[in-house]
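Worksheet for the structure shown next.
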Amino acid sequence: MSGFTDSNALSERVKAIPGGDMLMMCYSCGTCTSKCMIQTKLESSYNPRRLIREAVFNMDDAAFADKTIWLCTACDLCYPACPQKIHISGVINAVKALAVESGKKTPYQVAKVDELTCVACGLCVKICPYEAISLVEKRVAFRGTIPVASVDQGKCMACGMCTAACRSTSIRLAEDYNDAELIDTLLSWLGTERVSS
Amino acid sequence: MSETPKLVLFQCQWCLFAPADQEWVDTQLPENIHLAKVPCTGRINPLYLLNAVQSGADGVMVSGCLPEQCHFKTGNIAARRQLEEFSDYLNHIGYEQDRIRFLWLDLQDRGVIQKELAAFEAQITALGPAHNLATRVAETVGGANA
Amino acid sequence: MVDAARQPLIEVKTFTEVEKVEGYVGNFVVTLREKTKYVRADRCNGCGACTKACPVEIPNYFEMNLAPRKAAYIPMSQAVPLIYNIDMDACIHCYKCVEACGALEAIDFSMEDKLVEQEIGAIVVATGFSHFDPTPMTEYGYGRFPNVITAMEMERLNNSAGPTNGALIRPSDGKSPKQIAIINCVGSRDKRYNPSCSNFCCMYAIKNALLLKQMHPDTEISIYYIDIRTPSKGYEEFYDRARESGIRFIQGRPSEITEDPDTHQLFISSEDITLGKVIEREYDMVMLNQAAIPQPDQNHMSSVLNVAQSPGGWFMEYHPKLRPIDSPTDGIFFAGACQGPKDIPASVAQGSAAASRASRILHSDSWQIEPTVAVVWPDRCVSAKGQACGICARACPYGAIDYTKGLAAEVITAKCHGCGACVGECPHDSITQLHYTDAQVLAQIRTLLAVEPEKKILAFRCQWCSYGGADLAGTSHFEYSANERGLRVMCSARMDADLIYEAYRLGAGAILYSGCHPQDCHYITGQVVGAKRAARLEKIFERMQMSPGRFRVEWISAAEGDKYARVINEMQASLDAIPEDVLKAEIERLRPEMAKKLTKLDEIPGVAQALVQVDFIVNEMVGKEKVA
């Protein structure tokens, strides 16, 4: 077993990434986990405190398999609440960066660009809070080599702000919360008769 | 007025901290209120509002988080800019501003959404059905659900 | 307090503020402001007619503002002396109390504060602590949610002499709470507010929980904690008793309290650490166990008493392990929580110890001080010549130097502990230290570097740490280079830059500048002064393009004999790495630069004569030409 302080140990690698340097300060009070609503609303295995422990104990496999790294949206509600002033999303992001480096991919949906209709206006690039979208020169079928929006899978958090901003409906969330589903259920509900009181 | 107004509630899935409130919204919402849950208020395309309004919704409520508490950093700020401006536009074309309400909830708010919905419903009931825009759209476009 | 007031040899002065403390051990002159109560102590018989007559009602501070009091009041029922008091900030000057007092004529609005000077032999400071106000922690909703109360409020609510006569009720509706939560570490162990642990709150939470459970067996009590700290004798057993009696301990710091706006029920959301799950539980009432913080006027007191404060604001003791009761100023002692949060047994122990330390002074005619005290040459001090300086007074960890512009700095010998920080810092060499005068130390340096100085490693060691470390290296038989030459001073703060320059001028191969670790300094902040100077010197030598490794700064404790040996060996290795001719050339190159910094060395009284003598002796012994 490798030592706790080997430079290739997970904890040391996390500490070397800006944002992950406060890793060892955590005293496991659990404030971050209960401040965050992801565990109660989305994924019951979500737990930033446990992820920090996994990083501290150099448990690479457990940390990279932890869904926590993909779900944290860096809203930083926990940061001002942390009594040790640890930038928790910074630590999670550091672990995530290492996971991406080792070839892991998010199991969750990301925004998809319809390259046939994208006009590269850049509205989505501007509005994305995670700087996950960029305009790239790309060869697109039927359209030649043109600039189109491209989503970085490691950064996208599927908030859908790009789809709301897009004027040509070229970027969308394909699975949950897609446009068609939202509008269809809304219209079918409105299509029913008025409820009498 | 003999009819219960039809309301659409666009709810950001993070704005209710208390599990009990979320459960109430998910399961016990009155029948005349339609819940459209979105990952963030920033996700709400003005198109949704337009769809709801021209198809005959009497009132639209958008509930989201306070600016510094957005789950997606800046989603609700984008939403404020986008949706409030759009509601101005709707007002301009005949859908009264009072029919659209934005509700920005604090983490510590508990039992607020129930009260706000009830108050909103009372307000819409007082205003009466929103036929203004729906009819006009129906005349020009040829029907709400065309 | 009532008992103490009855003792004939104890004079209790309440409602009195210390304005000024002058003098030194055994001879303090303390100026006291005896605040007026507007009630004449010799006439008041404590009947309380004034309170009944007073129409003003304001929140009662003693009851944590849970009950009202009048502007004519006694602060608490055990007050000493038990006479009434008119609160002039609240009084509306209706004089109803004067009417009610009638023929006694005890109330006198013309009374004024009195300033009294008293001669004091020793001072025991026991000003206690204050409570952290949890209002800024908005996540706990204190101040907005009526049923979130602080520990002190709970103390009053649960007290049979308190505002509710001991009935435990919820502030929102007066119902008795059945589900009570206690949250620990509110504002303590929290880098946003007070990073330190408040010491007694864990036990306090358990005590309160047990008390509530005993008085109201049908209540359910949960304690939220990060860690439960029960470090003293019998404490863990107490914790066990609480578990046995059914109190729930939940490990996990709550992140948010939410309130039902209609029923004022509270919901605590926290992660249960052991389950790894977020749980939300409902409570009728929540008690916040606030942090203990220094008194709001602790800074003021510290400047009045001229004692330093530790990080965090508490009064700083002489030594955290060896002299926890003494202040750095002889004759001033600390008792209780003013020196750091502590529980009742520890406060009582420290109080008794402080009393006996103080009586030692009161019963002796003379007082021994360190022999190595600093002395100012008034004719050399630039302040006497009208220049603004005061560097010595700023460097002194004990506030033992009186500096007034226009007058020569003056060392208050009884306060001086002999670290030599002022001597090292004085840019004009106007202060010296008995037994470590510049002449003496320079003579030592010259002797140690008499023969082949370029091969020597001159090690400046502080008396308490690195000297001990070197000693340990010797007694433990750690091998280190025989070229090391040790030189002892009291503190790294005494290691004057002039001494280092002189050693290099004489051709020293390498110099070690060593002392205590910052937190271990025997002279409070002496090491800080020394470390600053060392950093300055490092920069100067770097600019002079001195070979690396010739000047080294290391903090070595008395237990680090191995480190001392290692450092010396490393220095020897880096000295060996410099070719001999290069080193000699460098020494010759730097010699005039060093000399330039030392032009006034000979003017220091005693130095020239001492060096002549040293050179004579060294020449005799070595049989060589005059050194340097």
Side-chain angles (χ1 to χ4, degrees), chain A residues 19-57 59 62-63 65-69 71-92 95, chain C residues 132 134 136-141 181 183-198 201-202 222-229 249-258 266-283 286 288-291 293 312:
Chain A
D21 42 356
M22 292 275 285
L23 175 72
M24 304 307 274
M25 292 304 292
C26 174
Y27 58 41
S28 265
C29 66
T31 309
C32 47
T33 312
S34 62
K35 192 88 181 182
C36 187
M37 288 174 275
I38 295 176
Q39 191 186 89
T40 45
K41 284 182 191 275
L42 268 190
E43 171 59 58
S44 60
S45 70
Y46 181 86
N47 194 328
R49 181 189 58 82
R50 192 188 54 219
L51 182 79
I52 291 178
R53 295 309 284 169
E54 284 162 357
V56 166
F57 288 115
M59 297 155 73
D66 199 321
K67 286 176 177 163
T68 306
I69 54 176
L71 281 167
C72 171
T73 60
C75 69
D76 280 350
L77 279 183
C78 50
Y79 181 30
C82 176
Q84 288 290 81
K85 285 192 177 172
I86 301 167
H87 190 209
I88 296 141
S89 70
V91 177
I92 297 177
V95 180
Chain C
F132 171 71
M137 297 181 83
T138 49
E139 61 263 43
Y140 291 160
I183 301 178
N184 274 2
C185 298
V186 175
S188 53
R189 297 189 71 196
D190 191 329
K191 293 210 162 45
R192 299 169 299 164
Y193 305 102
N194 306 291
S196 59
C197 169
S198 289
C201 329
C202 285
S222 308
I223 296 180
Y224 286 87
Y225 67 96
I226 305 172
D227 300 294
I228 289 279
R229 297 182 167 177
F249 287 85
I250 303 171
Q251 186 173 19
R253 189 177 168 279
S255 66
E256 202 87 44
I257 298 180
T258 50
L266 298 164
F267 298 82
I268 294 182
S269 169
S270 82
E271 188 199 356
D272 189 298
I273 301 294
T274 32
L275 286 174
K277 291 272 168 264
V278 177
I279 50 170
E280 194 194 55
R281 294 175 68 96
E282 187 179 343
Y283 294 97
V286 174
L288 304 179
N289 221 344
Q290 330 110 282
I293 55 169

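Lettering of chains follows the sequences in order, A, B, ..., and the numbering in each one begins at 1. Predicted model, so just to flag it, every value in this text is computed and none were measured. Just so you know, these numbers use all the heavy atoms, side chains as well, and skip hydrogens, waters and symmetry mates.
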**OP:** Give, as side chain, backbone, both or neither, the part of A:Cys82 having an atom under 4.5 angstrom from any heavy atom of chain C.
**Re:** backbone
Can you check whether chain C and chain A share any donor-acceptor pairs under 3.5 Å, and give the atom names and distances if they do?
residue : atom : partner  : partner atom : Å
A:Tyr27 : OH   : C:Arg189 : O            : 2.5
A:Cys29 : O    : C:Arg253 : N            : 2.6
A:Thr31 : OG1  : C:Arg253 : NH1          : 2.9
A:Thr33 : OG1  : C:Glu271 : OE1          : 2.9
A:Ser34 : O    : C:Ser255 : OG           : 3.2
A:Ser34 : OG   : C:Ser255 : OG           : 2.9
A:Lys35 : N    : C:Ser255 : OG           : 3.2
A:Lys35 : NZ   : C:Glu256 : OE1          : 2.7
A:Gln39 : OE1  : C:Val278 : N            : 2.5
A:Gln39 : NE2  : C:Gly276 : O            : 3.1
A:Ser44 : O    : C:Lys277 : NZ           : 3.1
A:Asn47 : ND2  : C:Glu271 : OE2          : 2.7
A:Asn47 : ND2  : C:Gly276 : O            : 3.2
A:Arg49 : NE   : C:Glu271 : OE1          : 3.0
A:Arg49 : NE   : C:Glu271 : OE2          : 3.2
A:Arg49 : NH2  : C:Glu271 : OE2          : 3.0
A:Arg49 : NH2  : C:Ile273 : O            : 3.1
A:Pro80 : O    : C:Arg192 : NH1          : 2.7
A:Pro83 : O    : C:Lys191 : N            : 2.5
A:Gln84 : OE1  : C:Lys191 : NZ           : 2.8

Original post:
Got a sec, which residues hit ring pair (Phe, Tyr, Trp, His ring centres under 6.0 Å) with C:Phe249, two or more places apart in sequence or on another chain?
Top reply: C:Tyr239
Subject >> Choice from A:Cys36, A:Cys29, A:Cys78 maximising heavy atom contacts with chain C below 4.5 Å >> reply: A:Cys29
